[in-house]
There are 2 protein chains.
Amino acid sequence: MYRQVKKYINDRMPFPDDDLEKALLFSDIQYFKKGDYILRAGEQCRFIGFLNYGLIVSTLIDETGKEIPCGFTKNDCFFTYTEGLINNAPSHKHFIALEDCEMLMLQKDKLPLIFSLNPKFETLFTKMLADDLRIALLAEQNIRICSVEERYLHFIETFPDVFNRLPLKYIAGYLGIEPPSLSRLRKRLMKG
Amino acid sequence: MYRQVKKYINDRMPFPDDDLEKALLFSDIQYFKKGDYILRAGEQCRFIGFLNYGLIVSTLIDETGKEIPCGFTKNDCFFTYTEGLINNAPSHKHFIALEDCEMLMLQKDKLPLIFSLNPKFETLFTKMLADDLRIALLAEQNIRICSVEERYLHFIETFPDVFNRLPLKYIAGYLGIEPPSLSRLRKRLMKG
DNA sequence: GTGAGAACTTAACCATGGTTAATTTCTCAG
DNA sequence: CTGAGAAATTAACCATGGTTAAGTTCTCAC
């Protein structure tokens, strides 16, 4: 049950197996069905999750009420809403299961206990925040300076496994275009 | 010379004047002429600055070599490139003075000295990072879900002082459109 | 296997924004 | 004050992407 999360953590910052086991005893496990809301906009995120299997999309609601996909979390990745965790801010986004999900969940009130097990856990936590910042800045840069075509190709290249499990309408939304427009783009790329 | 930065810090987290004075002794002061590069893309940012007066634009370079404005720093605000400060990563952006600038500069190697003066300085530093993350995420959201018109109005409302000091072509670039297109938008808003 | 609904593609039409160039307005050094 | 260069606006043209609707393919529960 803990094999995947242990690998993820050890790949980034090695820990004695004993510490990991103790820390993971504070977590519980939760299942979501395809289509379930994992977190709704307006709700507060009080946990850090690790996705053993499944796929999650986060969506923003625009002024017309339309849901815009703006990010994906796949199996073997951590899942949380950092802003909420740090500042108790309510989520701006919906998080919806696109596949059945199994998630290891650590409630935020357990964090101090884990940090006291081994202070390196707090360093790991900070590292994950810094990664979040880097990713958010890259996402903004990406939107500003890249054409839709470049962003489409970049997405396929960077997340081929996610791409193959995702209905194209989510890709279109993520790129900020409509499905017919994505079809045109794909046709153009086939020919070229 | 330190009045403004002291006010900025005390507004967010009050410090004994003595600690602030000692900390600020580690800083030096630097002047930039309109048009000067404060930091070039590829260079590493090794300081935290506080802008006593002036205006700075940050720009990204797209695939055609065009410079895209993506942010502004005005007087009485802190200035740095967070990614570089934390991870020693080179800047992705140019930072250019749009007006003559006076900047208080604290070299990054002085940070541990200041943190040891009063540990609350480290808390303040972390708070500034968390703010950076919040702003980056909001910027991405803003681009994804708001129309150009909304973003234009939002910019005027949020940064009226910056708007009034800024040639419109920078606003156009920041919004991701060309100057003629911004002219059309402004004309439409006049009539409506 | 079959049928219903979702996903994807295609086509036709239209509105919006890019591009270019001309014109006007602004700014500031001399 | 004057003239040169930058900034902003305007107009005309064109390419691109949104919209709608129709048609095709896919998926999956029964």
Side-chain angles (χ1 to χ4, degrees), chain A residues 33-36 54-55 57 59-69 72 96-100 142-156 162-192, chain B residues 33-36 54-55 57 59-69 72 96-100 142-153 155-156 160 162-192:
Chain A
K33 281 276 166 211
K34 179 174 173 174
D36 283 356
L55 185 59
V57 60
T59 63
L60 286 163
I61 316 298
D62 75 6
E63 70 272 27
T64 73
K66 203 170 71 171
E67 294 201 10
I68 319 270
F72 306 95
I96 305 166
L98 290 183
E99 301 174 356
D100 294 349
N142 189 32
I143 294 179
R144 282 192 183 277
I145 65 177
C146 297
S147 66
V148 170
E149 177 175 322
E150 285 172 318
R151 288 170 58 218
Y152 172 73
L153 293 171
H154 182 258
F155 188 93
I156 294 179
V162 175
F163 177 81
N164 288 318
R165 289 149 68 183
L166 215 52
L168 283 173
K169 64 172 183 169
Y170 288 97
I171 309 277
Y174 179 78
L175 295 173
I177 60 178
E178 297 300 316
S181 199
L182 179 56
S183 273
R184 283 188 283 241
L185 168 61
R186 284 158 56 80
K187 197 175 182 180
R188 216 163 52 231
L189 289 173
M190 285 298 172
K191 286 179 187 163
Chain B
K33 281 279 168 208
K34 179 174 174 175
D36 282 354
L55 186 59
V57 61
T59 63
L60 286 164
I61 315 299
D62 75 6
E63 69 274 26
T64 72
K66 203 170 71 171
E67 294 201 11
I68 319 271
F72 305 96
I96 306 165
L98 290 182
E99 300 174 356
D100 294 349
N142 189 31
I143 294 180
R144 282 193 182 276
I145 66 177
C146 298
S147 66
V148 170
E149 178 175 323
E150 285 173 317
R151 288 170 58 216
Y152 173 73
L153 293 170
F155 188 94
I156 294 179
V162 174
F163 177 79
N164 289 315
R165 288 148 70 184
L166 215 51
L168 284 173
K169 63 172 183 168
Y170 288 98
I171 309 276
Y174 178 78
L175 296 173
I177 59 179
E178 296 300 316
S181 197
L182 179 56
S183 272
R184 283 188 284 240
L185 168 62
R186 284 159 57 80
K187 198 175 183 183
R188 216 161 54 229
L189 289 171
M190 284 300 171
K191 287 179 186 166

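The model shown is predicted, which means the values in this text are computed figures rather than measured ones. Letters A, B, ... are given to chains in the order of the sequence lines, protein chains preceding strands, and every chain is numbered from 1.
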Using atom CG of A/D100 as one end and atom P of D/dC28 as the other, report the distance to the nearest whole Å.
12 Å
B/R165 (side chain) donor-acceptor with B/G54 (main chain) under 3.5 angstrom
yes
Does the plane of the ring in A/Y174 sit parallel, tilted or perpendicular to the ring in A/F72? Use 30° and 60° as the thresholds.
tilted
Starting at CG of A/D62 and ending at P of D/dG18, how long is that distance when rounded to a whole Å?
13 Å
Nearest whole Å is fine: how far is C/dT27 C1' from B/E99 CD?
15 Å
Starting from C1' on D/dC26, measure out to CG on A/L168 and report it in whole angstrom.
12 Å
Over how many whole Å does the gap from A/L189 atom CG to C/dT9 atom P extend?
12 Å
Please determine if a side-chain N or O atom of B/K34 lies less than 4.0 Å away from the OP1 or OP2 oxygen of D/dA6.
no
Under the criterion side chain to side chain contact (heavy atoms under 4.5 Å, CB included), I'd like the reasoning laid out for B/E67 against B/V57: C-alpha separation, chi angles, the key distance, then a yes or no.
CA-CA 11 Å; B/E67 294 201 11; B/V57 61; over 6 Å; no
Taking atom P of D/dA8 as reference, at what distance in whole Å does atom CG of B/L182 sit?
9 Å
For B/I177 and for A/K169, locate the closest nucleotide of DNA chain C by heavy-atom distance; then report the residue assigned to the nucleotide nearer the 5' terminus.
A/K169
List the steps, then state whether salt bridge (Lys or Arg N to Asp or Glu O under 4.0 Å) holds for A/K33 with A/D100.
CA-CA 5 Å; A/K33 281 276 166 211; A/D100 294 349; 3.6 Å; yes
Check the pair B/L168, B/F163 against side chain to side chain contact (heavy atoms under 4.5 Å, CB included), reporting the backbone distance first and the verdict last.
CA-CA 8 Å; B/L168 284 173; B/F163 177 79; 4.3 Å; yes
Let's see if you can work this out: which of D/dT10, C/dT9, C/dG17 has an atom nearest to the side-chain heavy atoms of B/K187?
D/dT10
One would report the end-axis bend of the helix from C/dG1-D/dC30 to C/dG30-D/dC1, five pairs per end and rounded to 10 degrees, as 50°
Does the side chain of A/I177 come within less than 4.5 Å of A/Y152's, by heavy atoms?
no
Where each residue is assigned the nucleotide of DNA chain D containing its nearest heavy atom, which of A/P180 and A/V148 is assigned the position nearer the 5′ end?
A/V148
Of the listed nucleotides C/dA11, C/dT9, C/dG18, the one nearest the side chain of B/E178:
C/dG18
Can you identify which nucleotide, out of C/dG17, C/dT9, C/dA12, has its nearest atom closest to the B/R184 side chain?
C/dG17
Please report the distance, rounded to the nearest Å, between CG in B/L175 and P in C/dG17.
12 Å
Among D/dT9, D/dT19, C/dC8, the nucleotide that comes nearest once only the side chain of A/P167 is considered
C/dC8
Side chains of A/R144 and B/I143: closer than 4.5 Å at any heavy-atom pair?
yes
Which is true for A/S183 with a 4.0 Å heavy-atom rule: it touches a base, it touches only sugar-phosphate, or it touches nothing?
base
Please state how far atom NZ in A/K66 lies from atom P in D/dG18, giving the value in whole angstrom units.
8 Å
